[in-house]
Amino acid sequence: MPSIPEISTVPPKLSDAFRSHPVHLRHECPDLTSLKELPDSYDWTHQHYVIPATNGDSAISESIPVIDLNDPNALQLIGHACKTWGAFQVINHGIPTSLLDQAECTTRHLFSLPVEQKLKASRLPDALTGYGLSRSNSFFSKIMWSEVFTIIGSPLDHFRHLWPEDYTKHWGGRGPIAPPGFQNLIKNEVMEEYEKEMTKSAEKLMWLMLGSLNITKEDIEWADPKGNIPDEFAVLHMNYYPACPNPDRAMGMAAHSDSTILTILHQNNTAGLQVLKKGTGWVAVPTNPGGLVVIVGDLLQILSNGSYISALHRAVVNRDKPRFSLPYFYGPPARAQVSPLPKLVGPSDPPLYRPITWSEFLGIKAKHFNNALSSIRICTSPPNEVVAANGDNNTNSAEVA
Ligand SMILES: C=C1C[C@]23C[C@H]1CC[C@H]2[C@@]12CCC[C@@](C)(C(=O)O1)[C@H]2[C@@H]3C(=O)O
Ligand SMILES: O=C(O)CCC(=O)C(=O)O
Ligand SMILES: [Fe+2]
């Protein structure tokens with residue numbers, strides 16, 4: 001096992017970030033599916049930061065680039081996308097579409113369980129895993145129209161709260177509860193396989209994104225000489241956005257950046273994700289069967305010394321169709337120090353951020369939300385493009401309730 005050269009003393013575990021910043025959501029998880037009208041507590045109409053998407057129904061066709069990983073120019077295209085959008089879609093990523101379908105089916109099935117059943121797997125205020133509202137609800141006065149299930153590591157421990165033992169093991173031939181075509185599936189195995197594939201893809205994508213900046217395996221202190229990342233850390237979310245009686249007034253997931261190195265997101269065939277593009281506004285991300293969305297996270301913005309932007313993004317909801325998304329939040333080992341990479345720093349490019357561990361940054365994010373990056377900035381006059389796009393200047397950031 002290669003050693004990790006820089007070891008931080010506090011906090012030792014990623015989940016400790018949340019122990020010191022428990023999220024007390026004021027509301028129980030209601031059964032959104034049963035609501036015929038939008039309750040006032042879910043009405044975001046008068047929130048000043050809710051701006052319509054520019055390409056909603058209009059003729060604007062601009063959206064995040066779709067990059068074929070088999071394209072010989074993939075490296076350059078990825079670099080350009082990370083600098084201009086902070087997000088892109090990938091095709092030919094090597095993950096079988098059947099696995100994506102099965103993971104989506106498991107997600108659909110999980111959220112269709114009765115509320116009482118789901119609440120048995122509730123996330124505790126100071127914990128990271130389990131069922132509940134998005135943690136980021138604590139920063140807003142209105143509630144998001146979504147339910148979230150968070151998994152770290154093996155899904156088995158989480159799923160056994162939801163499904164009786166036999167259902168945890170098998171869909172198999174048990175009447176209406178087994179979705180057609182999935183008789184031989186074991187839910188845990190699907191999600192485990194999904195996590196495994198996501199880890200492989202995240203590593204591959206990280207090297208491509210960094211490769212585009214001429215960063216190699218030797219430059220990353222927490223990677224071994226072969227480019228493997230011992231003790232890398234990731235969190236898997238299953239997001240559910242029920243069909244909503246008044247989608248124009250509701251918000252599925254409010255604007256935020258992810259604190260990750262990168263996030264890989266699979267969405268079902270219902271659109272809803274939007275990315276903020278500097279100079280353009282909110283731009284919808286179309287669904288792309290078999291494609292995956294890749295989002296630059298805050299830690300990659302730090303590593304790239306602001307050359308890549310962690311995209312502000314949000315999710316809107318639909319009137320008739322439920323939406324599911326599966327973001328895989330990929331980060332470095334909890335103890336690794338993340339700082340602007342020496343190769344990207346020089347007399348004319350001073351480091352913009354101080355070194356930080358993911359767990360420390362998660363703690364800062366849990367407290368300062370969209371102002372987390374600016375709170376660790378060490379340079380007073382950053383390049384313009386960094387300020388405008390990532391929410392540091394608070395233009396599009398969250399209202400602190
Ligand atoms: C690994 C992660 C990344 C987390 C925390 C933890 C699990 C949940 C993620 C999100 C998901 C929703 C937005 C966000 C801002 C939130 O509140 O919870 C994200 C946050 C972050 O990017 O910091
Ligand atoms: O559902 C989506 O498309 C976005 C979800 C998201 O951004 C998140 O969970 O962090
Ligand atoms: Fe996100």
Side-chain angles (χ1 to χ4, degrees), residues 13-18 21-23 25 53 64 86-87 89 104 107 111 123 127-130 132-140 144-153 198 202 232-242 251-276 282 284-288 291-301 310-318 322-332 334 356 358-373 390-391 397-398:
K13 286 224 302 308
L14 203 66
S15 46
D16 289 353
F18 298 99
H21 298 283
V23 175
L25 298 169
I64 60 170
Q89 295 210 55
E104 188 182 312
T107 310
F111 287 110
R123 186 181 59 227
L128 196 48
T129 58
L133 299 176
S134 170
R135 292 182 58 90
S136 50
N137 269 290
S138 64
F139 294 96
F140 298 89
M144 300 173 198
W145 191 265
S146 50
E147 299 172 29
V148 181
F149 197 88
T150 307
I151 296 171
I152 298 182
M198 284 293 148
E232 63 204 330
F233 200 88
V235 177
L236 177 65
H237 268 198
M238 299 161 106
N239 291 331
Y240 170 42
Y241 306 93
M251 178 59 74
M253 182 93 53
H256 65 278
S257 60
D258 294 342
S259 68
T260 52
I261 288 182
L262 62 96
T263 304
I264 306 179
L265 181 130
H266 167 59
Q267 52 179 341
N268 72 332
N269 64 358
T270 305
L273 176 64
Q274 298 180 345
V275 173
L276 188 68
W282 286 104
V285 175
T287 59
N288 190 340
L292 291 168
V293 179
V294 182
I295 300 169
V296 174
D298 298 332
L299 296 185
L300 189 50
Q301 176 162 329
S310 64
L312 269 188
H313 55 283
R314 66 183 185 184
V316 297
V317 294
N318 294 272
R323 178 166 180 267
F324 301 92
S325 72
L326 285 160
Y328 180 80
F329 300 102
Y330 179 77
I356 196 158
W358 192 16
S359 39
E360 193 191 345
F361 189 70
L362 275 177
I364 294 176
K365 188 98 178 181
K367 202 165 160 211
H368 298 289
F369 199 48
N370 285 344
N371 296 319
L373 267 182
N390 65 10
S397 65

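Each ligand, and each atom within it, is numbered from 1 in the order the structure gives. None of the values given here were measured: they were computed from a predicted structure. Reckoned from all heavy atoms, side chains included, excluding hydrogens, waters and symmetry mates.
At a 4.0 Å heavy-atom cut-off, ligand 2 touches Asp258 through the side chain alone. Residue contacts with ligand 1 for Trp358 involve side-chain atoms from C-beta outward but no N, CA, C or O (heavy atoms, distance under 4.0 Å).
Summarising the geometry, atom NE2 belonging to His313 is positioned 3.0 Å from atom NE2 belonging to His256; distances are rounded to the nearest 0.5 Å. Asp258 CG to Thr263 OG1: the interatomic distance, rounded to the nearest 0.5 Å, is 3.5 Å. How far CZ of Phe369 is from CZ of Phe140: 4.5 Å, rounded to the nearest 0.5 Å. The distance from the CD atom of Glu104 to the OG atom of Ser325 is 10.5 Å, given to the nearest 0.5 Å.
No side-chain heavy atom of Ile152 sits less than 4.5 Å from a side-chain heavy atom of Leu236. Inter-residue side-chain proximity for Thr270 and Phe324 is flagged as unmet; no heavy-atom pair is nearer than 4.5 Å. Counting heavy atoms from C-beta outward, Leu373 and Phe361 have side chains that approach closer than 4.5 Å. Two residues are said to be in side-chain contact when any heavy atoms from C-beta on lie closer than 4.5 Å; Val316 and Tyr241 fail this criterion. Residues Ile64 and Gln89 have side chains in contact (heavy-atom distance under 4.5 Å, counting atoms from C-beta outward). Looking only at side-chain heavy atoms (C-beta outward), Met198 and Leu292 come within less than 4.5 Å of each other.
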Practice item. Apply ring pair (Phe, Tyr, Trp, His ring centres under 6.0 Å) to His237 and Phe149, showing your working. Key: CA-CA 6 Å; His237 268 198; Phe149 197 88; 9.3 Å; no
Practice item. May I have the step-by-step check of side chain to side chain contact (heavy atoms under 4.5 Å, CB included) for Asp298 and Thr260, ending in yes or no? Key: CA-CA 6 Å; Asp298 298 332; Thr260 52; over 6 Å; no
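With sequence neighbours excluded, the residues that form a side chain to side chain contact (heavy atoms under 4.5 Å, CB included) with Glu232 are Thr199, Glu203, Ile229, Tyr330. Not counting sequence neighbours, the partners of Thr287 by the side chain to side chain contact (heavy atoms under 4.5 Å, CB included) test are Gln267, Ala271. In this view, His266 satisfies the ring-ring contact (aromatic ring centres under 6.0 Å, His included) rule with no residue, not counting sequence neighbours.
Near Leu362, with a cut-off below 4.0 Å to any heavy atom, the atoms of ligand 1 are 5 (C), 23 (O). Atoms of ligand 2 found under 4.0 Å from any heavy atom of His313 (numbered from 1 in listed order, with element): 7 (O). Distances below 4.0 Å separate heavy atoms of Arg135 from the following atoms of ligand 1: 17 (O). With ligand atoms numbered from 1 in the order given, ligand 1 contributes 13 (C) to contacts under 4.0 Å with heavy atoms of His256. Of all atoms in ligand 2, listed by their number and element, those nearer than 4.0 Å to a heavy atom of Phe329 are 8 (C), 9 (O), 10 (O). Proximity to Leu273 (heavy-atom distance under 4.0 Å) selects the following atoms of ligand 2: 3 (O), 4 (C). Taking a cut-off of under 4.0 Å to the non-hydrogen atoms of Ser136, the atoms of ligand 1 that pass are 17 (O). Ligand 2 places these atoms under 4.0 Å from at least one heavy atom of Leu265: 2 (C), 3 (O), 4 (C), 5 (C). Per-residue contacts place Phe369 under 4.0 angstrom from the following atoms of ligand 1 (heavy atoms of the residue considered): 15 (C).
For atom 3 (O) of ligand 2, the nearest non-hydrogen atom of the protein is Arg323 NH2, 2.8 Å. The nearest heavy-atom contact from the protein to atom 9 (O) of ligand 2 is Asn239 ND2, 3.1 Å.
Within the protein, the number of N/O/S atoms found under 2.8 Å from the Fe ion (ligand 3) is 3.
For ligand 2, the polar-atom distance check against Tyr241 finds a nitrogen or oxygen pair separated by under 3.5 Å. The shortest N/O to N/O separation between Ser325 and ligand 2 falls below 3.5 Å.
The closest approach between a heavy atom of Met253 and any atom of ligand 2 is below 4.0 Å. The shortest separation from a heavy atom of His256 to ligand 2 is under 4.0 Å, placing the residue in contact. In this structure, Pro327 is part of the shell of residues with a heavy atom less than 4.0 angstrom from ligand 2.
Compare His237, Met253, Arg314, Lys365 by their heavy atoms: the one nearest to atom 7 (C) of ligand 1 is in His237.
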